[in-house]
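What follows is a single structure, written as structure tokens, with notes after it.
Chain letters run A, B, ... following the sequence lines, proteins first and then strands; every chain starts at 1.
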Amino acid sequence: MAVLNFVEAVRETLRQEMRRDKDVWVVGEDVGKKGGVFGATLGLFDEFGETRVQDSPLTESAIVGVGIGSALYGTKPVCEIQFADFIFPAFNQIISEAAKMRYRSNGDWTVPMVIRAPFGGGIHGGLYHSQSVEQYFTNTAGLKVVVPSTPRDAKGLLAAAIRDADPVLFFEHKGLYRAIKEEVPDEEYIIPIGKADVKRDGSDITVITYGKAVHFCLEAAKELAKEGVEALVLDLRTLLPLDREAIIAAAKKTGKVLIVHEAGKTHGIGSEVSAIIAEECLFDLDAPVQRLCGPDIPAMPYASPMEKAYMLDPQKCLAAMRALAQF
Amino acid sequence: MAVLNFVEAVRETLRQEMRRDKDVWVVGEDVGKKGGVFGATLGLFDEFGETRVQDSPLTESAIVGVGIGSALYGTKPVCEIQFADFIFPAFNQIISEAAKMRYRSNGDWTVPMVIRAPFGGGIHGGLYHSQSVEQYFTNTAGLKVVVPSTPRDAKGLLAAAIRDADPVLFFEHKGLYRAIKEEVPDEEYIIPIGKADVKRDGSDITVITYGKAVHFCLEAAKELAKEGVEALVLDLRTLLPLDREAIIAAAKKTGKVLIVHEAGKTHGIGSEVSAIIAEECLFDLDAPVQRLCGPDIPAMPYASPMEKAYMLDPQKCLAAMRALAQF
Amino acid sequence: MTTETGMRHHALGLSNEQLIEMYEYMLQTRRIDERLWLLQRGGKIAFVISPQGAEAAQVGCAYAFRAGQDWFTPYYRDLGINLVAGVTPREIFLAAFARGACPASGGKQMPSHWGNRPKNVISGSSPVTTQLLHAVGIAQGARMRGDDVVVYTCCGEGSSNQGDFHEALNWAGVHKLPVLFFIQNNEYAISVSLEKQLAGGSVAKRGPGYGMPGIEVDGTDFLAVYAAAKEAHDRARAGEGPTLIEAKCVRLTSHSSDDDQRRYREAAELEAMKAKDPLVKARAYLYEAGVLTEELESALEAKVAAAINDGCDWAEAQPYADPAFAMTHVYAEEGI
Amino acid sequence: MTTETGMRHHALGLSNEQLIEMYEYMLQTRRIDERLWLLQRGGKIAFVISPQGAEAAQVGCAYAFRAGQDWFTPYYRDLGINLVAGVTPREIFLAAFARGACPASGGKQMPSHWGNRPKNVISGSSPVTTQLLHAVGIAQGARMRGDDVVVYTCCGEGSSNQGDFHEALNWAGVHKLPVLFFIQNNEYAISVSLEKQLAGGSVAKRGPGYGMPGIEVDGTDFLAVYAAAKEAHDRARAGEGPTLIEAKCVRLTSHSSDDDQRRYREAAELEAMKAKDPLVKARAYLYEAGVLTEELESALEAKVAAAINDGCDWAEAQPYADPAFAMTHVYAEEGI
Ligand SMILES: Cc1ncc(C[n+]2csc(CCOP(=O)(O)OP(=O)(O)O)c2C)c(N)n1
Ligand SMILES: Cc1ncc(C[n+]2csc(CCOP(=O)(O)OP(=O)(O)O)c2C)c(N)n1
Ligand SMILES: [Mg+2]
Ligand SMILES: [Mg+2]
């Protein structure tokens with residue numbers, strides 16, 4: 001087993017899947033010689049050539065639209081959107097076309113495609129290099145939305161996404177790319193899309209989260225344990241479809257739920273998670289369902305003090321978890 | 001007071017505001033001589049001329065992007081997107097530009113603009129002429145999202161939207177355009193954006209809804225009253241910002257809440273409403289927070305039997321309301 | 001109408017039999033559409049959007065393609081394209097009646113939202129111009145697989161101003177992909193006329209900016225369209241890349257059954273348009289060429305009418321999909 | 001370098017004083033950027049994206065506009081445009097240090113995300129090409145108000161392939177709006193070279209397709225750019241509509257401080273590029289024209305250095321905005 005950081009795990013999985021299936025190809029801005037602005041495709045151009053590792057023009061709608069066409073023909077495009085903030089020019093192709101193709105043709109025409117995009121803040125990216133955009137896609141049946149939180153999960157979930165028969169949005173928190181390393185199995189493996197993961201078990205409070213916030217919550221949980229409070233930390237991993245069973249089980253286990261995500265609170269992912277709990281576990285709850293999320297502002301500012309004010313961190317998570325435990 | 005249907009109320013309000021303020025202008029596909037595909041701008045071309053009632057090229061990103069530019073210069077564009085389903089090519093201009101302009105410039109540059117779009121199904125429009133798209137915009141601070149349910153509300157809210165200093169998405173359920181008439185005051189009046197409205201008071205159950213579903217729920221409430229159950233029907237009217245106080249008060253009053261909307265259930269507007277209640281009124285609830293919504297499928301099918309299966313109606317609302325009352 | 005080398009169609013390498021076949025396709029396109037209007041007026045179907053005025057453009061263009069081998073991402077008016085690609089009248093009427101057996105969508109979509117997997121016709125949506133990018137992607141896929149495929153894609157002149165048009169032509173031009181971008185310019189986008197719609201007044205003129213030929217052709221002359229499309233098809237197969245063709249058509253009907261063009265077009269303009277009816281012009285050519293005779297014509301009309309009666313009656317008798325069908329084919333997992 | 005009518009700048013109606021002013025702007029643009037790189041290498045600022053290689057294009061173009069009267073929707077490299085529009089070095093450094101007093105965003109945005117209300121410079125975002133449509137809308141608004149305004153808008157050659165470019169030029173062409181679409185073609189979009197980016201190889205060639213002139217000009221020759229921009233500005237004011245200008249520039253630096261162009265460009269190519277340094281060429285012209293002398297040059301360098309030292313030191317000493325400021329200016333209701 002090699003020790004890989006997050007972006008290395010992504011790269012090795014792309015390499016593995018491209019070796020495994022000649023129909024898999026990568027397309028996006030600067031994915032070729034440069035290997036992507038975060039190095040996620042570094043070396044693939046040399047190994048697979050420019051037909052399968054294609055620098056695209058600066059046109060997101062085309063990256064996705066051409067990807068859709070090539071998937072209709074039978075290839076398996078892995079489209080890279082350079083920053084999640086720049087996915088919006090492709091929104092019509094994703095929502096109107098990729099998400100509805102199978103449905104409208106009753107399965108005659110399908111779009112097995114992956115759209116990878118780095119998202120998230122805390123890296124001095126300002127308003128347009130820090131956004132979390134997952135909540136723009138989770139209300140669209142026909143799509144799948146995946147957000148891994150560790151190198152090991154990234155490999156298993158990206159392999160699953162590439163082999164999936166439907167369009168998968170695969171969001172990678174750029175703040176994790178080099179922040180965490182772990183042992184990742186060299187052999188192929190799949191982590192099923194749609195299954196959440198208990199990253200830490202506990203009996204006192206339940207924290208439901210995803211992305212980089214998973215690590216903040218795990219750090220906070222360690223602290224909290226010193227105070228005698230054991231937190232269950234559930235990593236959603238897939239936001240569409242949500243793992244309802246795992247959410248309900250985790251909520252019922254402790255009766256106290258805190259939902260944590262970096263994206264803005266109102267009409268965010270946490271809203272649906274909370275609504276599922278209010279629907280299914282009302283009488284198991286000992287406290288109101290809490291949410292700790294980004295503020296409801298247009299996006300994350302650039303200057304360090306304002307960026308810190310926006311971003312979550314272990315301290316903020318610990319405070320919210322402690323307050324819930326004491327409720 | 002004249003008796004107007006929904007689309008007449010929209011048209012008269014546009015006329016009123018254009019007479020009142022020379023900076024107000026209308027732009028969109030076929031809004032000129034044809035008067036719009038639903039007649040919302042009928043007659044305005046003759047009264048105000050083609051500079052203020054402008055047929056645009058078939059380019060939604062430009063309708064919104066040019067609208068933004070003209071608002072930056074000081075005019076007040078009212079952009080029409082012919083069908084809400086076709087707003088996605090303009091998504092980047094709305095989310096990246098209109099929503100963030102005031103924030104990123106600290107109020108130096110602002111976008112007082114209205115984007116009107118007919119939405120909703122039950123009119124044999126199929127997948128792309130029936131969609132509810134409000135939930136794609138409600139997670140974006142900087143925008144306002146308004147959905148009136150009656151001619152009287154449409155007039156007061158559209159006037160408020162046109163006079164608002166920020167970008168407002170104004171969604172009109174096309175199934176209401178000719179379906180309901182009511183007396184609408186001839187004089188100018190404003191209904192404040194951000195305020196929900198109790199369309200029917202009741203003490204047994206609370207129904208929180210908006211758009212065409214308001215009328216289904218009111219009809220069902222009449223029926224239910226015959227069974228001795230009094231339903232409170234809250235019309236949200238504005239989806240961003242939500243009227244938290246009104247939602248909390250309505251939920252606490254009866255302790256039993258049903259949220260109803262035509263749009264798909266998962267990650268929909270109802271999710272946030274339910275989450276607010278789970279956060280603020282947990283101990284006032286006598287029943288799980290219920291949601292009656294469209295199914296989680298890509299969009300509404302065309303063939304009548306499938307369209308009926310998708311659409312809400314008074315019977316479906318009555319059944320859900322009765323079940324909640326009996327809980 | 002004749003050339004040094006004889007008849008125009010001979011000069012193009014078209015036999016008399018092929019000429020008659022092309023005429024039959026145009027006739028079938030027109031007659032099917034006329035039937036659809038009757039059904040709509042009679043309340044039997046909810047919606048019609050019409051190819052009338054574009055039959056020569058569609059059939060002339062599609063005839064340069066290889067049914068079953070080439071791929072198509074047509075737009076809503078492309079009834080003629082679908083017929084030449086091999087879609088049957090029965091299938092057309094199944095879509096019109098939104099029946100469960102409709103190969104395009106099983107009734108999930110409105111009529112004229114094409115799709116036919118066996119015939120390589122991609123499923124289409126309503127938002128205009130998205131399909132141009134799909135065509136480019138299909139060509140990219142065929143190139144990767146080394147397949148001999150040319151892709152037909154189309155939209156109207158109004159839709160050609162959408163951003164996706166620009167991105168599609170640029171991408172296809174960069175990679176010299178085998179795509180024909182066929183623009184049917186009928187001078188209106190619903191009620192919006194050319195001068196309010198299209199800066200410069202010509203779609204074809206935009207071709208060179210993408211490093212490809214931009215050809216303007218009389219879309220009411222089926223042989224002229226065939227000649228242009230054939231050349232573009234040959235270029236594509238020869239690896240010389242994409243071509244942009246603007247076919248100048250007329251819109252003989254209102255935009256759709258929901259529209260009334262008398263509200264925004266002058267009576268005189270509507271009257272003058274009739275002189276450009278592509279079917280009338282084609283018929284005249286076939287008579288002058290001595291290929292069409294009165295018996296043959298009535299035989300063709302009878303044959304077309306029979307196919308339409310069969311398709312219409314049969315399709316109408318088919319059932320709607322079960323309402324529960326609306327919940328299917330969201331994801332593969334359903335295994336349906 | 002001389003013409004029948006004498007010096008090139010005289011032929012363009014530029015006095016020696018104006019020539020020196022233009023040179024000073026180019027010099028200031030270069031020196032400010034050099035300082036920004038030093039600050040970035042020294043860890044004092046997080047990000048630099050550079051105008052080096054485009055100074056002649058930016059200053060030559062902006063000099064044809066009327067500061068305070070015309071409007072600007074620039075792109076991130078447009079430091080030179082901002083300086084000519086009246087933005088001060090202090091304001092530039094406030095943005096670089098993300099200080100609360102920054103007129104563009106108070107530190108909410110990255111450096112080079114321009115915006116200056118008093119100078120009619122619109123607030124810019126990161127997603128490329130959106131600002132072209134804003135420029136068209138501004139021109140539309142000025143037209144409605146009857147104001148004498150010409151709008152400058154710009155993007156790179158890569159960004160010109162975005163759909164918004166197509167929709168903006170088409171709209172401006174339809175309404176003959178007073179907009180200059182200025183494309184700075186430095187042959188790279190980060191690492192993607194022209195032949196993988198731009199079908200046909202020329203942005204200017206796309207102008208006629210929108211019914212407007214498409215002018216290609218040497219972007220390293222400030223007088224050639226000025227001449228083209230002046231003519232476009234005159235056309236716009238005369239009601240003759242928009243113009244597309246493609247300025248052939250060089251990118252002397254990596255794409256930004258996050259990039260290393262040696263990873264994807266040959267050493268020889270990078271070396272050859274230096275010969276096109278617009279500042280070196282401008283300096284040579286001013287010397288040959290006898291307008292620049294060694295004393296004057298060192299005086300200019302000293303003046304520019306002083307302004308930079310003042311701007312940099314002053315700006316660095318300014319405070320960040322309070323963290324709570326991040327929650328403000330979401331809606332007008334806040335009354336801030
Ligand atoms: C993105 C989008 N915007 C608006 C519409 C509504 N619409 C349908 S057809 C049409 C006009 C199309 O005109 P043109 O492209 O010239 O094609 P034609 O119908 O004339 O053949 C419009 C505006 C749509 N379908 N998609
Ligand atoms: C919509 C969008 N996609 C991607 C990016 C990331 N990005 C920033 S600059 C750039 C390259 C721009 O190249 P070009 O337009 O030629 O301008 P240049 O930087 O060369 O002056 C890219 C891909 C972006 N800012 N916006
Ligand atoms: Mg047309
Ligand atoms: Mg460039």
Side-chain angles (χ1 to χ4, degrees), chain C residues 127-130 132-133 136 139-140 155-179 181 183 185 187 189 192-216 240-244 246, chain D residues 127-130 132-133 136 139-140 155-179 181 183 185 187 189 192-216 240-244 246:
Chain C
V128 298
T129 323
T130 54
L132 271 62
L133 283 167
V136 174
Q140 187 98 60
C155 68
E157 87 290 346
S159 304
S160 74
N161 298 303
Q162 284 275 340
D164 277 359
F165 172 93
H166 184 57
E167 299 193 11
L169 271 73
N170 182 63
W171 190 303
V174 164
H175 294 284
K176 295 216 163 299
L177 293 168
V179 180
F181 297 98
I183 309 303
N185 179 355
E187 298 188 340
V192 182
S193 61
L194 213 53
E195 70 277 10
K196 286 184 178 177
Q197 179 68 249
L198 188 79
S202 160
V203 180
K205 260 209 220 127
R206 295 178 177 181
Y210 302 105
M212 68 180 79
I215 312 293
E216 181 178 310
E240 293 161 30
T243 303
L244 171 65
E246 174 182 15
Chain D
V128 299
T129 323
T130 55
L132 271 62
L133 283 167
V136 174
Q140 187 97 60
C155 69
E157 87 290 345
S159 304
S160 74
N161 296 303
Q162 284 276 339
D164 277 359
F165 172 93
H166 184 58
E167 299 193 11
L169 271 75
N170 183 63
W171 190 303
V174 165
H175 294 285
K176 297 218 162 298
L177 293 167
V179 180
F181 296 97
I183 310 303
N185 180 353
E187 298 188 340
V192 182
S193 61
L194 212 53
E195 69 277 12
K196 285 184 179 177
Q197 180 68 253
L198 187 79
S202 160
V203 180
K205 259 210 220 129
R206 294 178 177 181
Y210 303 105
M212 68 181 78
I215 312 295
E216 181 179 309
E240 292 161 30
T243 302
L244 171 65
E246 175 182 15

Revision key, fill the gap. Side chain to side chain contact (heavy atoms under 4.5 Å, CB included) with D/H166: of C/Q162, C/E167, C/R206, only one passes, and it is C/R206
Point to revise | Distance, nearest 0.5 Å, that separates CH2 of C/W171 from CD of D/Q197 | key: 10.0 Å
Exercise for review: Please flag which part of D/S160 lies under 4.5 Å from any non-hydrogen atom of chain C: side chain, backbone, both or neither.
Suggested key: backbone
Point to revise | Heavy-atom pair of closest approach, residues D/N170 and C/A199 | key: OD1-N, 2.8 Å
Exercise for review: Tell me, out of D/G200, D/G209, D/G241, D/G211, who's got the most heavy-atom pairs with chain C below 4.5 Å.
Suggested key: D/G209
Review point. Looking at C/G163, C/G173, C/S202, C/G207, which one has more heavy-atom pairs under 4.5 Å with chain D than the rest?
Key: C/G163
